[in-house]
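Predicted model, so just to flag it, every value in this text is computed and none were measured. Chain identifiers are assigned alphabetically (A, B, ...) following the order of the sequence lines, protein sequences preceding nucleic acid strands; residue numbering begins at 1 within each chain.
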Protein chains: 2
Amino acid sequence: MKIGDLAAKTGVAPRLLRYYEEVGILHPYRSGNGYRAYGEPAVERVLQIRELLESGFTTDMIREILPCLDDPRPAECVVKVDLDALRRQLGNVERRIDVLQRNRDAIKTYLQIWEETSGVTSDS
Amino acid sequence: MKIGDLAAKTGVAPRLLRYYEEVGILHPYRSGNGYRAYGEPAVERVLQIRELLESGFTTDMIREILPCLDDPRPAECVVKVDLDALRRQLGNVERRIDVLQRNRDAIKTYLQIWEETSGVTSDS
DNA sequence: CTTGACCTTCACATTAATGGCAAGGTTTAC
DNA sequence: GTAAACCTTGCCATTAATGTGAAGGTCAAG
């Protein structure tokens, strides 16, 4: 699959797919002509990357979070996984979940109060 | 409380506190000499802002999320709260929680597998 | 074999959040 | 009253993620 196809399937601009490769979180093959060649799992992976970026993670953190989950990386990479970094990121993720849950509850409460006093139901 | 005091209490640089005012998510008073004057609740608010920024929210989103929770804003602002925006942001927060929970679980599982195979316990 | 659509790399622009500095006013302490 | 420490505004720099365009190679269709 060429970069344009992957862009179409994921909704992520080719420019960004090249960027993700540059920062080391996407690892396409190359076909003879020099074109990047992506496997089917790249679709899932790109979506994963987008989710994490939109959740405020940097590409550096993502590089630690997506260690051996590389599409075409077989067992060799297993050696290079930084377990401590991964544990750190796990802590990060958990802290963020706490923050978001607190804020979710706060917003919900706030909305409920408002919807009661103004007599507006939540379905628009 | 002057900007330096707030910076000391929150660990957030004065430069940023001014920035947060500029983008409309912090609203200090002004004392006669032109100095910004913050109330005690500003401490909590700044920490809240930091949490949300670190969770990947933009100042634009935060402006919608922290509506009437303004430190010194009494009931007048009640009129200006954008409930629809708030509901959108609630959806945002909930989506992010889902993403993070999925990733937390994935990382946890991954770590468990690794800690089993390598015989390493999780306490360092 | 030429045209158009794709790909390559390279480079510069932009936006948001942040850091830093400079020139000048204020307050505190000696 | 003078110096140090703080405040003000204004501007310019940086970083990460992203947009965009140029100059050129590849490929499929006519």
Side-chain angles (χ1 to χ4, degrees), chain A residues 1-39 42-43 45-66 85 88-89 92 96 99 103, chain B residues 1-39 42-43 45-66 85 88-89 92 96 99 103:
Chain A
M1 169 169 34
K2 288 187 290 184
I3 199 172
D5 305 324
L6 183 57
K9 285 194 191 179
T10 59
V12 176
R15 171 69 178 85
L16 280 188
L17 298 176
R18 300 196 188 98
Y19 175 67
Y20 298 155
E21 178 182 7
E22 186 187 329
V23 297
I25 59 183
L26 247 193
H27 312 284
Y29 304 103
R30 293 292 177 138
S31 31
N33 49 15
Y35 287 16
R36 290 169 180 81
Y38 301 88
V43 176
R45 185 179 176 87
V46 167
L47 295 178
Q48 181 86 354
I49 290 173
R50 288 306 314 166
E51 278 186 345
L52 289 171
L53 278 175
E54 278 157 22
S55 292
F57 290 84
T58 65
T59 54
D60 286 337
M61 302 163 84
I62 294 176
R63 198 178 317 107
E64 295 184 334
I65 290 179
L66 302 181
R88 264 202 331 273
Q89 295 305 338
N92 255 325
R96 284 181 192 220
V99 168
N103 278 280
Chain B
M1 171 169 31
K2 288 189 288 185
I3 199 171
D5 305 324
L6 183 57
K9 286 195 192 179
T10 59
V12 176
R15 171 71 179 82
L16 280 188
L17 297 176
R18 298 196 189 98
Y19 175 67
Y20 297 155
E21 177 182 6
E22 185 187 330
V23 298
I25 59 184
L26 248 193
H27 312 284
Y29 303 101
R30 294 292 177 138
S31 30
N33 49 13
Y35 287 16
R36 289 169 181 80
Y38 301 88
V43 176
R45 185 178 177 89
V46 167
L47 295 178
Q48 180 86 355
I49 289 174
R50 289 306 314 166
E51 279 186 344
L52 290 171
L53 278 175
E54 278 157 22
S55 292
F57 289 85
T58 65
T59 54
D60 286 336
M61 301 164 84
I62 294 176
R63 198 178 318 107
E64 294 183 335
I65 289 178
L66 301 180
R88 264 201 332 273
Q89 294 305 339
N92 255 324
R96 284 182 191 218
V99 169
N103 279 281

At what distance, to the nearest 0.5 angstrom, does CZ of B:Phe57 lie from CD of A:Glu54? 11.5 Å
side-chain contact (heavy atoms from CB on, under 4.5 Å) partner of A:Leu26, the single match among A:Thr59, A:Ile49, A:Leu66: A:Ile49
So CD1 of B:Ile62 and CD of B:Glu51: to nearest 0.5 Å the spacing works out to 10.5 Å
Any residue meeting side-chain hydrogen bond (donor to acceptor under 3.5 Å, both in side chains) with B:Asp5, in chain and number order, not counting sequence neighbours: none
Are B:Tyr20 and B:Val12 close enough that some pair of their side-chain heavy atoms sits under 4.5 Å apart? yes
So how far is it from B:Ile25 CD1 to B:Glu64 CD, rounded to the nearest 0.5 Å? 12.5 Å
Gap separating the CZ atom of B:Arg88 from the CG atom of B:Asn92, nearest 0.5 angstrom: 8.5 Å
Round to the nearest Å and state the distance from B:Leu17 atom CG to C:dA17 atom P. 15 Å
Within the distance-only criterion (no hydrogens, no angle test), does the side chain of B:Arg96 pair as donor or acceptor with the backbone N or O of B:Ser55 below 3.5 angstrom? yes
So B:Tyr38 and B:Val46, side chain to side chain contact (heavy atoms under 4.5 Å, CB included) or not? Walk me through it. CA-CA 11 Å; B:Tyr38 301 88; B:Val46 167; over 6 Å; no
Quick one: which residue pairs count as a salt bridge (charged side-chain N to carboxylate O under 4.0 Å, His left out) with a foot in residues 18-32 of chain A, not counting sequence neighbours? A:Glu21-A:Arg30, A:Glu21-A:Arg36
Quick test: give all pairs of protein nitrogen or oxygen and nucleotides 7-10 of chain C nitrogen or oxygen below 3.5 Å, distance rounded to 0.1 Å.
from	atom 1	to	atom 2	distance (Å)
C:dC7	OP1	A:Gly4	N	2.5
C:dT8	OP1	A:Arg36	N	2.7
C:dT8	OP1	A:Arg36	NH1	2.8
C:dT8	OP2	A:Arg18	NE	3.1
C:dT8	OP2	A:Arg18	NH2	3.0
C:dT8	OP2	A:Arg36	NH1	3.3
C:dT8	O5'	A:Arg36	NH1	3.4
C:dT9	OP1	A:Arg30	NH1	3.3
C:dT9	OP1	A:Arg30	NH2	3.3
C:dT9	OP2	A:Arg36	NH1	2.9
C:dT9	OP2	A:Arg36	NH2	2.6

Quick one: CE on B:Met61 to OG1 on B:Thr58, what's the gap to the nearest 0.5 Å? 5.5 Å
Quantify the bending of the helix from C:dC1-D:dG30 to C:dC30-D:dG1 as the angle between its end axes, each fitted on five pairs, to 10°. 0°
Span of DNA chain D, from the first to the last nucleotide whose atoms fall under 4.0 Å of chain A heavy atoms: D:dA16 to D:dC27
Measuring from atom CD of B:Gln48 to atom OG1 of B:Thr10, what distance do you get when rounded to the nearest 0.5 angstrom? 13.5 Å
Starting at CG of B:Leu16 and ending at C1' of C:dG20, how long is that distance when rounded to a whole Å? 12 Å
Interface with DNA chain D, restricted to residues 52-62 of chain A and to heavy atoms under 4.0 Å: A:Leu53, A:Thr58, A:Thr59
Are B:Leu16 and B:Arg50 packed together at the side-chain level, in the sense that at least one heavy-atom pair is separated by less than 4.5 angstrom? yes
